[in-house]
Amino acid sequence: MQGGEECLETGDDGQRCRSGRAMCSGCGRPANACICASLPTTPLPLPEGLESVILLRHPKERRQKHQSAWILERCVAGVRQHVTRRLPQLREEAGGDSSATSAQRAPQGLEQLYERPETCLLVFPGPGARPLKEVLDPGVRHLIFLDATWRYAREMAAPHAGSVASGTHSGCCADPLAAIRRVELTPPPGTRPVFVVRKPMRLGGATASGEASSLPIRSGGGSEGAFAEVPEDEDEERWGFSTGEAVALALDEIAHLRCGGAVGSNAPPKPSERPAWDVVSRALGAYSRIQLEQTVAPKIRTDRPGFIPKLYEAAPVFCSSEGAGCA
């Protein structure tokens, strides 16, 4: 929706008119910051075989000024959010079978994490995490992302004290995430973040510090959370990505692997084979571009780990509506 055609100037609807500002009824943004023109008419369907993308959101993430999750939901079908600090543990019955009680006690909509962890993949780095292309199998139906800052994402992913993976010991508390395989993403070369309003970090490459070059690429770079493996080429730039961008990268990689790309192959999807990235990065890039255009003086924190000089000066190139996120 353009201009003020679908925006309410005044009225009693507090959700559509805040502080006297005209609000767009399509995207819910202020009329002068509407991104409807960059949103798809209908959300993009998930790749064949996938049933859902689950965002486990830390409660503090909902209070962040800039969030990519709601934009992702407008761009891709099958995305669901569940707000929690930690998933609840379920005590297994004698014999190690907790299926009878899981459906009753597991959070609504997350039953598959407890009952069929083999159908899920957790996109998060750490011990045992492997590249998505090496782990994906026909039985994977659900992708799980931790939508939080890096600090809180690590807390959410850490094992519960005294817990075990589901099905290992009777009478013990089962940690749902411990039973789910972990994977890391492999962004195609030249892919750059467009959601720069959450200050992504450049973690490696020719212009980054030596300390950062050994780290996995993580989504948000201290902002939102999801992750990618480090390319072997030390001269390749390594960036953090927002949750929305990480989901798009994962969906395109899965679509590529399930529609002809060989599992275990090092060949990433071609630019013409990245529909999720094209749709999501277009919307996130539009959001960032509008925010920067309306910001008089962005806050510059030179003491922040991973600080990128002239990040916002380069942002218009990163956030362009055509070919967003590609070098």
Side-chain angles (χ1 to χ4, degrees), residues 14-15 18 27-29 39 43 46 50-91 101-117 119-126 141-161 163 166 173-180 182-183 185 195 197-200 218-227 240-248 250-251 280 283-284 287:
Q15 293 184 340
R18 299 195 304 265
C27 64
R29 300 270 296 155
L39 293 172
L46 293 176
L50 278 188
E51 298 177 7
S52 69
V53 171
I54 301 173
L55 307 182
L56 300 181
R57 305 195 73 197
H58 193 280
K60 289 185 178 295
E61 187 64 27
R62 295 185 298 173
R63 298 197 291 269
Q64 292 284 351
K65 180 179 180 181
H66 304 299
Q67 305 174 30
S68 66
W70 74 269
I71 299 177
L72 174 67
E73 288 183 315
R74 297 292 298 272
C75 293
V76 179
V79 176
R80 297 189 283 111
Q81 299 184 33
H82 182 83
V83 179
T84 182
R85 287 180 179 269
R86 300 293 297 268
L87 290 178
Q89 297 175 269
L90 301 183
R91 183 167 296 278
T101 58
S102 294
Q104 300 174 5
R105 300 174 57 188
Q108 184 177 4
L110 301 183
E111 293 85 359
Q112 63 277 5
L113 277 69
Y114 292 82
E115 298 177 9
R116 302 196 61 192
T119 67
C120 306
L121 292 180
L122 173 62
V123 184
F124 196 81
R141 294 288 182 265
H142 312 279
L143 294 184
I144 303 167
F145 290 80
L146 303 181
D147 188 25
T149 63
W150 170 232
R151 169 191 170 188
Y152 290 123
R154 284 188 296 183
E155 294 178 1
M156 295 169 69
H160 286 273
S163 66
S166 178
C173 292
D175 185 346
L177 293 185
I180 297 175
R182 295 191 182 190
V183 298
L185 302 179
F195 202 56
V197 290
R198 286 294 292 267
K199 296 182 177 69
R218 69 186 184 203
S219 157
S223 299
E224 299 175 288
F227 306 78
F241 292 89
S242 69
T243 301
E245 292 166 327
V247 171
L251 296 180
V280 174
L284 293 177
Y287 179 101

Taking all atoms of both residues into account, what is the closest heavy-atom pair of [X] and [Y], and its distance?
X    : Y    : answer
A158 : D175 : O-OD2, 4.4 Å
C75  : A283 : SG-CB, 3.7 Å
H142 : L50  : N-CD2, 4.1 Å
E61  : A148 : OE1-CA, 3.7 Å
P117 : E115 : CD-C, 3.5 Å
F145 : A250 : CZ-CB, 3.9 Å

Original post:
Would H82 and L55 satisfy side chain to side chain contact (heavy atoms under 4.5 Å, CB included), going step by step from the backbone distance to the final call?
Top reply: CA-CA 6 Å; H82 182 83; L55 307 182; over 6 Å; no
Original post:
salt bridge (charged side-chain N to carboxylate O under 4.0 Å, His left out) with R80: which residues, sequence neighbours excluded?
Top reply: none
**OP:** Could you list the residues that satisfy salt bridge (charged side-chain N to carboxylate O under 4.0 Å, His left out) with R141, not counting sequence neighbours?
**Re:** E51
Original post:
Can you check side chain to side chain contact (heavy atoms under 4.5 Å, CB included) on V53 and V76, steps first, answer last?
Top reply: CA-CA 9 Å; V53 171; V76 179; 5.7 Å; no
**OP:** Determine the sole option in V79, L113, D147 for which the side chain to side chain contact (heavy atoms under 4.5 Å, CB included) test with I54 is passed.
**Re:** L113
[X] versus [Y]: any side-chain heavy-atom pair under 4.5 Å?
X    : Y    : answer
Y114 : P88  : yes
L185 : V123 : yes
L251 : L46  : yes

**OP:** Measure from the side-chain N and O atoms of Q112 to the backbone N and O of C120, and report whether any donor-acceptor pair falls under 3.5 Å.
**Re:** no
Original post:
Going through the distances and angles, do L87 and L110 end up as a side chain to side chain contact (heavy atoms under 4.5 Å, CB included)?
Top reply: CA-CA 10 Å; L87 290 178; L110 301 183; 3.7 Å; yes
From [X] [atom1] over to [Y] [atom2], what is the distance, rounded to the nearest 0.5 angstrom?
X    : Y    : atom1 : atom2 : answer
L143 : S52  : CG    : OG    : 8.0 Å
Y287 : R29  : OH    : CZ    : 4.5 Å
M156 : L146 : CE    : CG    : 5.0 Å
T84  : H58  : OG1   : NE2   : 8.5 Å
L284 : S68  : CG    : OG    : 6.0 Å
F124 : L56  : CZ    : CG    : 11.0 Å

Subject >> Intermediate values then yes/no, side chain to side chain contact (heavy atoms under 4.5 Å, CB included), L72 and V280 >> reply: CA-CA 6 Å; L72 174 67; V280 174; 4.0 Å; yes
Subject >> Residues that R116 engages under side chain to side chain donor-acceptor pair (under 3.5 Å), provided they are two or more places apart >> reply: E118
Original post:
Which residues pass the side chain to side chain donor-acceptor pair (under 3.5 Å) test with Q81, sequence neighbours left out?
Top reply: R57, E73
**OP:** Could I get the full list of side-chain contact (heavy atoms from CB on, under 4.5 Å) partners for R74, not counting sequence neighbours?
**Re:** C27, L39, W70
